Enquirer: 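Here's a structure for you.
Proteins come first, then strands; the chains are lettered A, B, ... in the order of their sequence lines, and each starts at number 1. Computed from a predicted model, the values in this text were never measured in an experiment.
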2 protein chains.
Amino acid sequence: MTDPMDAQETPAPLRALPSRLLSLVAMQADRLVSEGLARADARKWHYAALVALRESGPASQAELSRRTGIYRSDLVAVINELAERGFVERAPDPADRRRNVVTVTEQGRRHLRRLDKLIASLQDDLLAPLTQPEREQLTDFLGRLFEHLSRS
Amino acid sequence: MTDPMDAQETPAPLRALPSRLLSLVAMQADRLVSEGLARADARKWHYAALVALRESGPASQAELSRRTGIYRSDLVAVINELAERGFVERAPDPADRRRNVVTVTEQGRRHLRRLDKLIASLQDDLLAPLTQPEREQLTDFLGRLFEHLSRS
DNA sequence: CCGTTGCGTTAGTGGCACTAACGATGTAGG
DNA sequence: CCTACATCGTTAGTGCCACTAACGCAACGG
């Protein structure tokens with residue numbers, strides 16, 4: 001597929017345009033992950049929120065928003081859904097009555113463990129064509145690009 | 001008034017999850033490219049369509065849809081916009097009256113050349129933190145992932 | 001002929017990132 | 001203390017984009 005001739009001078013053919021490849025791959029990866037999570041009655045935000053809670057303990061919604069990148073307006077629904085299913089509890093913070101403290105329940109922790117496995121296997125499906133060192137390299141590249149882009 | 005809470009600073013990467021990094025990077029890359037193109041009164045679909053036309057000559061809309069991945073329902077608007085600006089011409093195909101033949105105009109070719117440069121510089125901004133060999137490697141990785149994902 | 005398939009087009013759906021505004025509550029400065 | 005402002009959770013809404021459905025028309029195959 002890759003024509004060694006088309007290095008730099010002539011405009012990149014559509015097929016090899018990094019930005020395009022990036023969004024194509026991201027789109028399909030997103031679908032893969034979303035469908036996988038849907039089969040476990042979850043969405044990617046559920047996972048993000050639960051992981052954030054596990055990593056740094058109970059937090060206010062605004063705090064969670066900052067950690068996960070989910071907008072605090074959208075977080076409301078996420079917490080609602082997690083609470084409905086009994087995975088988190090939302091309680092007013094006595095120390096600051098503007099806040100809600102969100103806490104993972106034991107059931108939530110169990111659910112999260114299940115999702116961890118699911119996500120890991122989905123990552124594996126996603127990255128199937130790459131060797132382990134290549135996967136690490138890709139992650140490194142993406143990490144650097146993200147760093148760079150979010151500082152603009 | 002923009003609430004400073006809503007400005008997403010670097011969402012503390014809760015994890016170096018490839019699928020997550022992928023969509024974060026793709027999102028920002030997309031924004032970068034879209035904003036750049038908007039400054040030239042263009043959208044990414046315009047560019048994709050024009051490139052496809054240059055690469056393989058006049059084509060029907062359905063053909064273009066297949067080549068660019070743009071849904072033929074959305075392609076209608078893209079061709080409309082390009083035609084309004086005088087970059088392409090849409091004419092009924094005498095050989096098959098169901099079809100429209102879309103052809104680039106000279107003005108369209110000039111416009112495309114301008115966009116080529118713009119896109120190239122945007123790719124450069126995007127990939128700034130990577131060395132040239134790293135960029136090629138990233139493109140290779142993404143290409144392989146895309147191949148793999150689109151065969152599922 | 002007639003059923004199927006491909007064409008361009010219109011309309012609509014659902015999800016997602018993102019913004020705006022509000023009432024309640026906290027904090028800081030004079 | 002009072003006033004001004006910031007932050008909290010929440011509701012509502014915007015605009016974009018991938019994607020679907022259905023249409024009338026034309027071509028093709030049996």
Enquirer: Looking only at the side chain of A/A62 (C-beta and beyond, no hydrogens), which of the listed nucleotides D/dA22, D/dC8, C/dG6 gets closest?
Expert: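 So the nucleotide nearest the side chain must be D/dC8.
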
Enquirer: Does the side chain of B/S56 come under 3.5 Å of the side chain of B/R67 through a donor N or O and an acceptor N or O?
Expert: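 Note: B/S56 and B/R67 side chains meet the donor-acceptor criterion.
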
Enquirer: Tell me which residues in residues 20-32 of chain A put a heavy atom below 4.0 Å from DNA chain D, sorted by number, or none.
Expert: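 Residues of residues 20-32 of chain A that come under 4.0 Å of DNA chain D are, in numerical order, A/M27, A/R31.
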
Enquirer: The side chain of B/R97 is closest to which nucleotide in this list: C/dC16, D/dA26, C/dG8?
Expert: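 Looking only at side-chain atoms, B/R97 lies closest to D/dA26.
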
Enquirer: Measuring from atom CD of B/Q28 to atom CZ of A/F146, what distance do you get when rounded to the nearest 0.5 angstrom?
Expert: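 Those atoms lie 5.0 Å apart.
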
Enquirer: So does B/Y71 get a side-chain nitrogen or oxygen closer than 4.0 Å to the phosphate oxygens (OP1/OP2) of D/dC19?
Expert: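 For D/dC19, OP1 or OP2 has a side-chain N or O of B/Y71 closer than 4.0 Å.
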
Enquirer: If you measure only the distance, is there a donor-acceptor pair under 3.5 Å linking the side chains of B/Q61 and B/R90?
Expert: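 Yes, side-chain donor-acceptor contact under 3.5 Å.
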
Enquirer: Quiz question: going by heavy-atom distance under 3.5 Å, is there a donor-acceptor pair between the base of D/dG9 and the side chain of A/R72?
Expert: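 Check passes, donor-acceptor contact within cut-off.
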
Enquirer: Identify, between B/R66 and B/S73, the residue whose nearest nucleotide on DNA chain C lies closer to the 5' end.
Expert: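 This one resolves to B/R66.
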
Enquirer: For B/E89 and B/T105, test the side chains for any donor-to-acceptor distance below 3.5 angstrom and give the result as yes or no.
Expert: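 No - no donor-acceptor pair under 3.5 Å links their side chains.
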
Enquirer: When we call it a touch if two heavy atoms are under 4.0 Å apart, what does A/D93 touch: a base, just sugar-phosphate, or nothing?
Expert: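 Since no nucleic acid heavy atom lies under 4.0 Å of A/D93, the category is nothing.
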
Enquirer: For DNA chain D, find the residues of residues 78-89 of chain A with a heavy-atom distance under 4.0 Å and give them by number; none if there aren't any.
Expert: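 Heavy-atom cutoff 4.0 Å gives no residues at all.
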
Enquirer: From the set D/dA18, C/dC16, D/dT10, return the single nucleotide nearest to any side-chain atom of A/R90.
Expert: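 Taking heavy atoms from C-beta onward, the closest nucleotide is D/dT10.
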
Enquirer: Please determine, for the side chain of B/D74, which listed nucleotide (D/dC8, D/dT11, D/dC19) has the closest atom?
Expert: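 Closest nucleotide to the B/D74 side chain: D/dC19.
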
Enquirer: Would you confirm whether A/R114, through its side chain, and A/R110, through its main-chain N or O, come within 3.5 Å as a donor-acceptor pair?
Expert: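 Checked: no pair found.
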
Enquirer: What's B/R99 touching, base or sugar-phosphate or nothing? Going by heavy atoms closer than 4.0 Å.
Expert: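 Here B/R99 touches the backbone only, sparing every base.
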
Enquirer: Could you check A/A95 against A/S34 and say which one's nearest nucleotide on DNA chain C is further toward the 5' end?
Expert: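 Looking at DNA chain C, the more 5' nearest nucleotide goes with A/S34.
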
